[in-house]
S.K.: 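Attaching a single structure in structure tokens format; questions to follow.
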Amino acid sequence: MTATLLAKIWEQLGAAATSRSPFNFLQLATTGLDGAPQLRTIVLRRCDAVGGTLSFVTDMRSPKIRELRNDPRIALVGFDPAASVQLRLSGVAAISDDEAERLEMWQSLRERTLILFDAPHAPGTVLDDSGQPLQAGEPSDEEPYARFALVTVTLNRLEWLDLSSANHVRCAFERQGTTWHGVWLAP
Ligand SMILES: Cc1cc2nc3c(=O)[nH]c(=O)nc-3n(C[C@H](O)[C@H](O)[C@H](O)COP(=O)(O)O)c2cc1C
């Protein structure tokens with residue numbers, strides 16, 4: 001039954017959003033401003049199985065934010081090496097402007113994450129050997145909270161691939177309004 005597998009996927013994503021588990025780190029793909037694919041690791045921060053959304057946090061100044069504003073379509077992939085399972089996800093990202101939601105996430109972050117937003121230079125700024133920007137320009141003096149971006153992805157497809165037994169299992173779920181339609185696929 002695909003419904004049993006769908007419940008398992010959301011259960012694992014839910015666990016990953018709250019604890020160290022295989023899908024806690026996901027690789028996030030966006031379309032670069034030049035059209036080339038861009039890929040990086042992010043930490044899954046929130047999972048809403050009812051709404052079918054996932055959230056992560058990032059620096060508002062990071063290139064991925066410009067990319068998402070230009071084209072909000074994203075893909076994510078996770079891999080559980082112990083279970084030999086790959087989870088592929090795709091959807092549409094939105095940068096939250098809901099202050100209550102932003103503040104709730106900000107207040108849930110640990111100190112070691114919050115200090116990342118203290119960085120005066122935008123992620124990807126080219127630095128010299130002493131850590132100063134090569135190009136002249138004022139570092140931003142805005143509050144760390146202003147640099148904080150909460151990104152929520154509304155998923156439209158989930159795909160599970162389990163290679164743990166001789167009979168490989170592959171299953172895809174497409175969003176249909178508020179429900180999901182699952183089909184088995186040839187691996
Ligand atoms: C284990 C790990 C977790 C990471 N988590 C995040 C994250 O949650 N958010 C984020 O913006 N970058 C995270 N990064 C850094 C990104 O992979 C990336 O290098 C950075 O965000 C710059 O990406 P961009 O230039 O595409 O915007 C993480 C990197 C690693 C290795």
Side-chain angles (χ1 to χ4, degrees), residues 9-10 12-49 51-83 85-99 101-129 131-135 137 139-140 142-155 158:
I9 292 172
W10 284 115
Q12 293 204 3
L13 286 170
T18 52
S19 59
R20 281 278 181 266
S21 69
F23 300 132
N24 183 230
F25 297 118
L26 298 172
Q27 274 65 54
L28 166 75
T30 52
T31 302
L33 297 181
D34 61 358
Q38 294 291 334
L39 193 60
R40 79 289 282 161
T41 304
I42 53 98
V43 176
L44 177 61
R45 298 284 176 184
R46 192 176 62 189
C47 166
D48 172 10
T53 65
L54 301 179
S55 302
F56 63 93
V57 304
T58 190
D59 192 308
M60 199 63 96
R61 303 164 297 174
S62 69
K64 71 177 83 52
I65 289 290
R66 292 192 289 281
E67 292 164 5
L68 291 173
R69 289 195 201 283
N70 186 55
D71 185 343
R73 293 174 302 166
I74 61 96
L76 292 154
V77 68
F79 174 54
D80 179 348
V85 165
Q86 171 182 267
L87 182 59
R88 296 168 71 177
L89 310 166
S90 54
V92 177
I95 301 151
S96 177
D97 57 6
D98 178 328
E99 276 315 313
E101 181 185 58
R102 275 168 49 79
L103 199 57
E104 185 184 4
M105 177 60 77
W106 176 260
Q107 288 172 341
S108 76
L109 297 175
R110 294 189 194 165
E111 194 55 37
R112 66 166 185 260
T113 302
L114 293 175
I115 59 173
L116 299 175
F117 296 94
D118 285 339
H121 304 297
T125 301
V126 180
L127 305 175
D128 65 18
D129 290 345
Q132 294 307 308
L134 274 183
Q135 296 209 331
S140 69
E142 62 201 349
E143 289 296 311
Y145 179 69
R147 300 172 185 148
F148 158 73
L150 170 62
V151 180
T152 295
V153 180
T154 300
L155 295 175
L158 322 173

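Note: hydrogens, waters and symmetry copies are ignored here, and every other heavy atom, side chains too, is used. In each ligand, atom 1 is the first atom listed, and ligand 1 is the first ligand listed.
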S.K.: With heavy-atom distances below 4.0 Å as the criterion, list the atoms of ligand 1 near Ser62.
M.R.: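 Those of ligand 1 that fall under 4.0 Å from Ser62 are 27 (O).
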
S.K.: Inspect the contact between Lys64 and Glu67 and indicate whether a charged nitrogen and a carboxylate oxygen are less than 4.0 angstrom apart.
M.R.: no

S.K.: Check for me whether Pro123 has a heavy atom closer than 4.0 Å to any atom of ligand 1.
M.R.: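 No heavy atom of Pro123 comes that close to ligand 1.
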
S.K.: Could you tell me the residue and atom name of the protein heavy atom closest to atom 8 (O) of ligand 1, and the distance to it rounded to 0.1 Å?
M.R.: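 Here the nearest protein heavy atom works out to Val43 N, 3.0 Å.
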
S.K.: Considering only the protein, which heavy-atom contact is closest to atom 24 (P) of ligand 1, and what is its distance?
M.R.: Lys64 NZ, 3.6 Å

S.K.: Quick one: which of Val153, Thr154, Leu155 gives a side-chain contact (heavy atoms from CB on, under 4.5 Å) with Thr53?
M.R.: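 It is Thr154; the other options fail the test.
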
S.K.: Is Arg46 paired with Glu104 through a side-chain N to carboxylate O contact shorter than 4.0 Å?
M.R.: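 Arg46 and Glu104: not salt-bridged.
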
S.K.: Counting non-hydrogen protein atoms only, what is the nearest one to atom 29 (C) of ligand 1? Give residue, atom name and distance.
M.R.: Thr41 O, 3.9 Å

S.K.: Would you check if there is a donor-acceptor pair between the side chains of Ser55 and Thr152 at a distance under 3.5 Å?
M.R.: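 On atom types as modelled, these side chains qualify, holding a pair under 3.5 Å.
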
S.K.: Between CG of Leu134 and CG of Leu127, what distance do you get to the nearest 0.5 Å?
M.R.: 7.5 Å

S.K.: Return the residue, atom name and 0.1 Å-rounded distance of the protein heavy atom closest to atom 19 (O) of ligand 1.
M.R.: Arg40 CB, 4.5 Å

S.K.: Do Thr58 and Phe56 have side-chain heavy atoms sitting under 4.5 Å apart?
M.R.: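 In short, these two side chains touch, coming nearer than 4.5 Å.
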
S.K.: Under 4.0 Å, counting heavy atoms only: does Phe25 come that close to any atom of ligand 1?
M.R.: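 Under 4.0 Å: yes for Phe25.
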
S.K.: With heavy atoms only and a cut-off of under 4.0 Å, state how Thr30 meets ligand 1: side chain, backbone, both or neither.
M.R.: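 Neither; nothing of Thr30 gets under 4.0 Å from ligand 1.
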
S.K.: Please tell me if atom 14 (N) of ligand 1 is touched by the protein, where touching means a protein heavy-atom distance below 4.0 Å.
M.R.: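 Under the 4.0 Å cut-off, atom 14 (N) of ligand 1 does have protein heavy-atom neighbours.
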
